[in-house]
Amino acid sequence: MDRSNSECGPGADSDRSGREVAPGLYLVATPIGNARDITLRALDLLAGADVLAAEDTRSLRRLLEIHGVALNGRPCIAYHDHNGAKARPKLMAALEQGRSVVYCSEAGTPLVSDPGFDLVRAATEAGHPVTTAPGPAAAIAGLTLSGLPSDRFLFAGFLPQAKGARDKTLAEIAPVPATLILYESPRRLGATLAAAARIMGETRPAVVARELTKRFEEVRRDSLGALAAHYDEAAAKGEVVLLIGRGDSPKVSEEEIDRALTEALRDMSVRDAADAVSSRFGVSRRPVYQRAMALEREGGGDDDD
């Protein structure tokens, strides 16, 4: 099929009157709640692409119905964490055939806490055009409403579920001089806030943004300690974005680090001592680990790491 005159290629404008979409992979952002938060270009691509793929095809089909976009017999392929190895070859085959493929996350922007990474990597490595139709993202929506500094931010995604791994991650990101953005399930929100208050300090400013763009949208701004206390008693519901104010790199002297390491090395391995001390002072682990190895050598002990 000759598509040399297509006007729906990367960066082009189009209407939704049946114009074809140029070959390639299109990453299309979809609304995170309110179905009207969709761009005209996203609708163009959804109406004109040869193949549609989605993290949740049921959500995509509902979105198409709301906006009057017909499938007209086009494939609508599920592509998610559990079937990527099986579904990806189908999408790659469509690209090899010179077809246009649209991929949508369940809600928001593809590749933001979404399984599209392997698909994009495979498509780019094979030399296929890849572009995006940008749109909603819960992380950015939460940041804009938070009132926290937005000139620099770190999106840390979902925290590990295991308590030890969660606390370690919180300690690692605590000193980052940027607003921290996390996704969290409502079931774990209270425990995560309590851990963050313990590790980062109860007075550190934070925001819980819940059900953004939906009917029961809520944005609660307070300290980590106060938010932890609130959600210890009040169960949260729906999708949650947790934002934490920026950290300040602590002023810790080398002598303080050395004293803490020397004490820790009495009954810890080099690795465990470095982890404990870097978390305690909220500093980067790498230089602490290197200093721990040097102290271990100076002390004449064996490095058991």
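Quick note: numbers below take in every heavy atom, side chains included, and nothing from hydrogens, waters or symmetry partners.
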[X] (side chain) donor-acceptor with [Y] (main chain) under 3.5 angstrom:
{"X": "Thr179", "Y": "Pro149", "value": "yes"}
{"X": "Thr131", "Y": "Tyr26", "value": "no"}
{"X": "Glu211", "Y": "Glu239", "value": "yes"}

Qualifying salt bridge (Lys or Arg N to Asp or Glu O under 4.0 Å) pairs, either residue in residues 128-157, two or more places apart: Asp151-Arg246
Sequence neighbours excluded, every pair satisfying salt bridge (Lys or Arg N to Asp or Glu O under 4.0 Å) that has a member inside residues 58-83: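 Listed once each, the pairs are Asp56-Arg58.
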Qualifying ring-ring contact (aromatic ring centres under 6.0 Å, His included) pairs with a residue from residues 218-247, counting only residues at least two apart or across chains: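 ring-ring contact (aromatic ring centres under 6.0 Å, His included) check on residues 218-247 returns no pairs.
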Qualifying ring-ring contact (aromatic ring centres under 6.0 Å, His included) pairs, either residue in residues 151-180, two or more places apart: Phe155-Tyr183, Phe158-Tyr183
What pairs with [X] under side-chain hydrogen bond (donor to acceptor under 3.5 Å, both in side chains), at least two apart in sequence or on another chain?
{"X": "Arg198", "result": "Asp167"}
{"X": "Asp37", "result": "none"}
{"X": "Glu96", "result": "His128"}

[X]: what forms a side-chain contact (heavy atoms from CB on, under 4.5 Å) with it, not counting sequence neighbours?
{"X": "Pro134", "value": "Arg41, Thr132"}
{"X": "Arg215", "value": "none"}
{"X": "Gln97", "value": "Ala93, Arg99"}
{"X": "Thr124", "value": "Val120, Val130"}

Looking only at heavy atoms, which two atoms of [X] and [Y] are closest? And how far apart?
{"X": "Ala87", "Y": "Ala78", "value": "CB-O, 3.5 Å"}
{"X": "Ala42", "Y": "Ile38", "value": "CB-CG1, 3.8 Å"}
{"X": "Thr30", "Y": "Ser105", "value": "OG1-O, 3.5 Å"}
{"X": "Ala195", "Y": "Arg166", "value": "CB-NH2, 3.5 Å"}

Arg291 with Glu298: basic N within carboxylate O range, under 4.0 Å: yes
Flag side-chain contact, heavy atom, 4.5 Å: Tyr103 against Pro115: yes
Thr57 side chain near Ile77 side chain, heavy-atom distance below 4.5 Å: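 Contact flag for Thr57/Ile77 side chains = no.
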Residue pair Ile173, Ile244: steps toward the side-chain contact (heavy atoms from CB on, under 4.5 Å) verdict: CA-CA 10 Å; Ile173 64 177; Ile244 302 173; over 6 Å; no
same_hphob_cluster(Leu159, Met200) at 4.5 Å side-chain heavy-atom cutoff: yes
Side-chain donor/acceptor pairs under 3.5 Å, residues 138-148, sequence neighbours excluded:
| from | atom 1 | to | atom 2 | distance (Å) |
| --- | --- | --- | --- | --- |
| Thr144 | OG1 | Ile140 | O | 3.4 |
| Thr144 | OG1 | Ala141 | O | 2.7 |
| Ser146 | OG | Leu143 | O | 2.9 |
| Ser146 | OG | Leu148 | N | 3.0 |

